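Structure, as structure tokens:
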Amino acid sequence: MDAMRVSRLLLVTLRDDPSEAEIVSHKLLLRGGYIRRISSGIYAYLPLLWRVLQKIESIVRDEMNATGALETLLPQLQPAELWQRSGRWDGYTAGEGIMFHLDDRQGRELGLGPTHEEVITALAADLLRSYRQLPVNLYQIQTKFRDEIRPRFGLMRGREFIMKDAYSFHADEASLRETYGAMDQAYRRIFARCGLRAVAVEADSGAIGGSASQEFMVTAEAGEDLILTSSDGRYAANQERAVSLPSAAIPLQDGSCRDLATPGQRSIEELCSAHGFDPSQTVKVLLLLARFANGQPQPLLVSLRGDQQLNEVKLANAVTARAEAGAGALLEIAPITPEQLKAEGLADLAFGYLGPQLSDAVLQGAKTWQQRFLRLADGTALELERFVCGATRPDTHLQGASWEALCPNASLRPAGLDLRSAQPGDRCVHDPDQHLEAARGIEVGHIFQLGRKYSEALEATFTSEAGSDEPLWMGCYGIGVSRLAQAAVEQHHDGHGICWPVSIAPFEVIVVPANADEPVQSQLAEELYTGLRQAGIDALLDDRSERAGVKFKDADLIGIPWRVVVGRGAIEGRIELVRRQGSVKQELAASALLGTLLPTLQQERLGLLEQPA
RNA sequence: CGGGAUGUAGCGCAGCUUGGUAGCGCACUUCGUUCGGGACGAAGGGGCCGCAGGUUCGAAUCCUGUCAUCCCGACCA
């Protein structure tokens, strides 16, 4: 490898935090000369970061290859037709769709790959014919394009980012589960080798679809996701998905159903504080509208126990499962506004006083909406014997209402589901003595058991041992490589700058002559640098004629794990070895450097892995 | 898309209220002194004040529009 000298590295560090950055990792990457923003959510990876990314990629490759996965490279430009066959084109391009798309000179529609299920499945349909070829797992490391609604935090949520994605194909579900398990293990090793503390959590499958899925979260305050874990470590889930035991409702005193005057009390808090109810004695109703790619907008009437919060992801899944055939992808669920009612030609409703008994009659004559509510309720609401809810008339609630009385016709009674958000402090399902604790996480990996969704849509079949034609079983496995790099900074930094884990640091050691104009120092620095490189150590030499302080500050900022200072002691062959993490210093003879550093470095190259493979 | 904020030199900012033709710190260039934690002095280069209209004798400053960026929500590796 060429000589790595700071003077030749295009190292441009900044003293001030750039105003465009909000979170520490973003600021440090900009200040350290790792990235530059080119456009919203689009970054140039400067030479220093490119080295980090390549180290991460190499760890990923290593572990993926070890599982027998095959590296490949798929096109980024993809025909709309493939996405139309899987049914995702509209959802990914219409409305707030995330796919960059364009027409070519022939007027054909193309999309810039946000992910590769369609392409890989089409390939699988072409290449995989017999169970004898299975299982197979293909992966690639490549730039993905997503027109994020709101790019932010630098590489955390870019519109162009590097991802490792893998897709596995199987003859049966058991084989899929086996590879899924192998990926789980490989991912744990990958993150450990990168020096990251990561947690595996149960996750929602989102737009990708499929059944089981698990996310890998790097724990950090700046994380965008809320994760809930049990203190015994046996349960961990993304809040989107998390389940818990609800607190018991306080029973409402018996009594027949009667009107209760509640002028101006439109919220649960106002209602409860005015009449001394506990929120768990009430049922609140949310009036929402679900919009689909193709179908008519569907009004929703969602009932929750008053003390519970709606989990929008669970709701979206429930609505998707109940959507009419041909409605296409669910685009959005949003509260219905009085303006929307007017636009539909419908009468105003008593917002704040609605109850589960709200009749479909209020939707009669709607111009574009379905004229019946999709009625859903969380189990905690359905379990209430007696409760307080809106009377669907202004300034009035019902006290002592019951589902039987409100909805005598069982067909109008909502389906009972889990629609509530688990909260920190809730009791755990697996052990009621355990409680959920909250932590924030950055999602750096996600593995899915897709099942046969894509293979059925794209007719990717194989001939089974019994001779029948069957759709392939599929899994897919992603790692956000560029996001991982920034997550590492978020997890490993201090007041002076980045503290890269050795395994992914752009360089392992930086040799700093305190005074480069002092021939003894610069000569010894050169010798040590050469010796380190010859020993296979990724060393950098700060050969600039800057003052020592500048070089130290820069070394701290860019986060090289080890610093060798060649200073005044050089004349006696003494140098200083400084560990970036914690600024631990030791003085030693220059001749002892390799012997001291190499064993430690070899250990640190394993990251958090307990032992080499 | 809804809500909030900001656009002035490569970076960070002041100037705008009360119009008079642009300034500070860092960075950059040259010289000298310094030399183990972002040195000091001297001299210098660099700005269609986001863009387009308008008001005015005169606009960075006032008005209108527009674009971009950032923050809060929906999306995700």
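Just so you know, these numbers come straight off a predicted model, no measurement behind them. Letters A, B, ... mirror the listed sequences (proteins, then strands); counts begin at 1.
A/Lys164 places none of its side-chain heavy atoms less than 4.5 Å from the side chain of A/Arg61. Counting only heavy atoms from C-beta outward, the side chains of A/Gln140 and A/Ile120 never approach each other to under 4.5 Å.
Remark: the A/Arg152 side chain and the B/rG73 base include no donor-acceptor N/O pair separated by less than 3.5 Å. At a cut-off of 3.5 angstrom, counting only N and O atoms as typed in the model, there is a donor on one side and an acceptor on the other between the side-chain of A/Glu576 and the base of B/rG36. Under 3.5 Å, the side chain of A/Arg483 and the base of B/rC76 form at least one donor-acceptor pair of N or O atoms. For a distance-only test at 3.5 Å, the side chain of A/Asp17 fails to qualify as a donor-acceptor partner of the base of B/rG12. Scanning atom types as modelled, no donor and acceptor separated by under 3.5 angstrom connect the side chain of A/Asn515 and the base of B/rG36. The base of B/rG37 sits with one of its N or O atoms less than 3.5 Å from a complementary donor or acceptor on the side chain of A/Arg563. Scanning atom types as modelled, no donor and acceptor separated by under 3.5 angstrom connect the side chain of A/Arg146 and the base of B/rC76.
The backbone N or O of A/Ala457 lies less than 3.5 Å from no partner atom in the side chain of A/Ser86, so there is not a single donor-acceptor pair. The main-chain N or O of A/Ile558 is found under 3.5 Å from a side-chain atom of A/Trp500 such that the two form a donor-acceptor pair. With hydrogens and angles ignored, the 3.5 Å screen pairs no side-chain donor or acceptor of A/Arg31 with any backbone N or O of A/Asp17. Counting only distance, with no hydrogens or angles, the side chain of A/Asp378 and the backbone of A/Leu419 share a donor-acceptor pair below 3.5 Å.
One can place CD of A/Glu22 at 18 Å from P of B/rG4, the figure rounded to the nearest angstrom. Rounded to whole Å, the distance from CD1 on A/Ile447 to P on B/rC76 is 18 Å. Separating the CD atom of A/Gln340 from the P atom of B/rC1 is a distance of 17 Å, rounded to the nearest angstrom. At whole-Å resolution of the value, CD in A/Gln486 and P in B/rA77 are 17 Å apart. The CD1 atom of A/Ile23 sits 9 Å away from the P atom of B/rC71 (whole-angstrom rounding). Rounded to whole Å, atom C1' of B/rG36 lies 13 Å from atom CG of A/Asp556.
Between the P atoms of B/rG65 and B/rG2, the separation comes to 15 Å (whole Å). For the P atoms, the distance linking B/rA14 with B/rC62 amounts to 15 Å, nearest Å. For B/rC11 and B/rA27, the C1' atoms lie 7 Å apart once the distance is rounded to whole Å. When the P atom is compared between B/rG32 and B/rC13, the two are found 36 Å apart, to the nearest whole Å. Distance noted for atom C1' between B/rA9 and B/rG45: 11 Å (whole Å). Rounded to whole Å, the separation between the P atoms of B/rC1 and B/rG46 comes to 41 Å. The P atoms of B/rG23 and B/rA43 are separated by 16 Å, rounded to the nearest whole Å. When the C1' atom is compared between B/rG4 and B/rG44, the two are found 43 Å apart, to the nearest whole Å.
The phosphate of B/rA77 (OP1 or OP2) has no side-chain N or O of A/Ser482 nearer than 4.0 angstrom. One finds a side-chain N or O of A/Ser19 lying less than 4.0 angstrom from the OP1 or OP2 phosphate oxygen of B/rG12. Within the 4.0 Å cut-off from OP1 or OP2 of B/rA68, not a single side-chain nitrogen or oxygen of A/Ser39 is found.
Residue contacts for A/Phe153: at a heavy-atom cut-off of 4.0 Å it reaches the sugar-phosphate backbone alone, with no base atom in range. Among the heavy atoms of the strands lying under 4.0 Å from A/Val444 are primed sugar atoms or P, OP1, OP2 only; no base atom is included. The residue A/Arg159 sits apart from the nucleic acid: no heavy atom pair falls under 4.0 Å. Nucleic acid contact class of A/Thr13 (heavy atoms, under 4.0 Å, all strands): base. Using a 4.0 Å heavy-atom criterion, one finds that A/Ile333 contacts no nucleic acid atom at all. Residue contacts for A/Arg150: at a heavy-atom cut-off of 4.0 Å it reaches a base atom on one of the strands shown. If you check every strand for non-hydrogen atoms under 4.0 Å, A/Asp165 touches nothing. Residue contacts for A/Gly41: at a heavy-atom cut-off of 4.0 Å it reaches no nucleic acid atom on any strand shown. Residue-level contact check: A/Glu20 touches the backbone only, with heavy atoms under 4.0 Å from sugar-phosphate atoms and none from bases. Residue A/Gly445 is in sugar-phosphate contact alone, with no base atom involved, counting any heavy-atom pair closer than 4.0 Å across all strands shown. The residue A/Val565 sits close to a base: some heavy atom pair falls under 4.0 Å.
Within the shown strands, nothing qualifies as a pairing partner of B/rC76 under the Watson-Crick or G-U definition with both distances less than 3.5 Å. When both pairing distances are held under 3.5 Å, B/rU18 makes no Watson-Crick or G-U pair with any nucleotide shown. Pair check for B/rC13 finds B/rG23; Watson-Crick or G-U wobble, both atom distances under 3.5 Å. Base pairing analysis places B/rC70 opposite B/rG4; the two distances defining the Watson-Crick or G-U wobble pair are each below 3.5 Å. Base pairing of B/rG37: no nucleotide in any strand meets the Watson-Crick or G-U wobble criterion (both distances under 3.5 Å). Pairing for B/rG44 goes to B/rC28, judged as Watson-Crick or G-U wobble with the two contacts each under 3.5 Å. Base pairing annotation: B/rC62 forms a Watson-Crick or G-U wobble pair with B/rG54, both donor-acceptor distances under 3.5 Å.
Of the candidates B/rC75, B/rA74, B/rC70, B/rC75 carries the atom nearest the A/Glu224 side chain, counting heavy atoms from C-beta on. For A/Arg15, the listed nucleotide lying nearest its side chain is B/rA27; candidates were B/rA27, B/rC11, B/rC71. Of the candidates B/rA77, B/rC11, B/rG38, B/rG38 carries the atom nearest the A/Arg31 side chain, counting heavy atoms from C-beta on. Side-chain proximity of A/Ile98 to the nucleotides B/rC75, B/rG25, B/rA39 is greatest for B/rC75. Out of B/rG12, B/rC35, B/rG38, the shortest distance to the side chain of A/Arg547 is found at B/rC35. For A/Arg37, the listed nucleotide lying nearest its side chain is B/rC70; candidates were B/rC70, B/rG12, B/rG38.
Nearest approach of A/Leu226 to A/Arg440, heavy atoms of both residues: CD1-NH1, 3.8 Å.
At least one test fails for A/Arg483 against the ring of A/Phe161: distance under 6.0 Å to the centre or angle within 45° of the axis.
Judged by closest nucleotide on RNA chain B, A/Arg36 is the one of A/Arg36 and A/Gly549 placed further toward the 5' end. Residues A/Lys585 and A/Gly480 each lie close to RNA chain B; by heavy-atom proximity, the contact nearer the 5' end of the strand is made by A/Lys585.
In this structure, A/Ile571 places its CD1 atom where only 12 or fewer heavy-atom neighbours from other residues, nucleotides or ligands lie under 6.0 Å away. Around CD of A/Glu221, the count of heavy atoms belonging to other residues, nucleotides or ligands within 6.0 Å does not exceed 12.
B/rG38 has no base stacking with the ring of A/Phe552 when judged by centroids under 5.5 angstrom apart and an interplanar angle below 30°.
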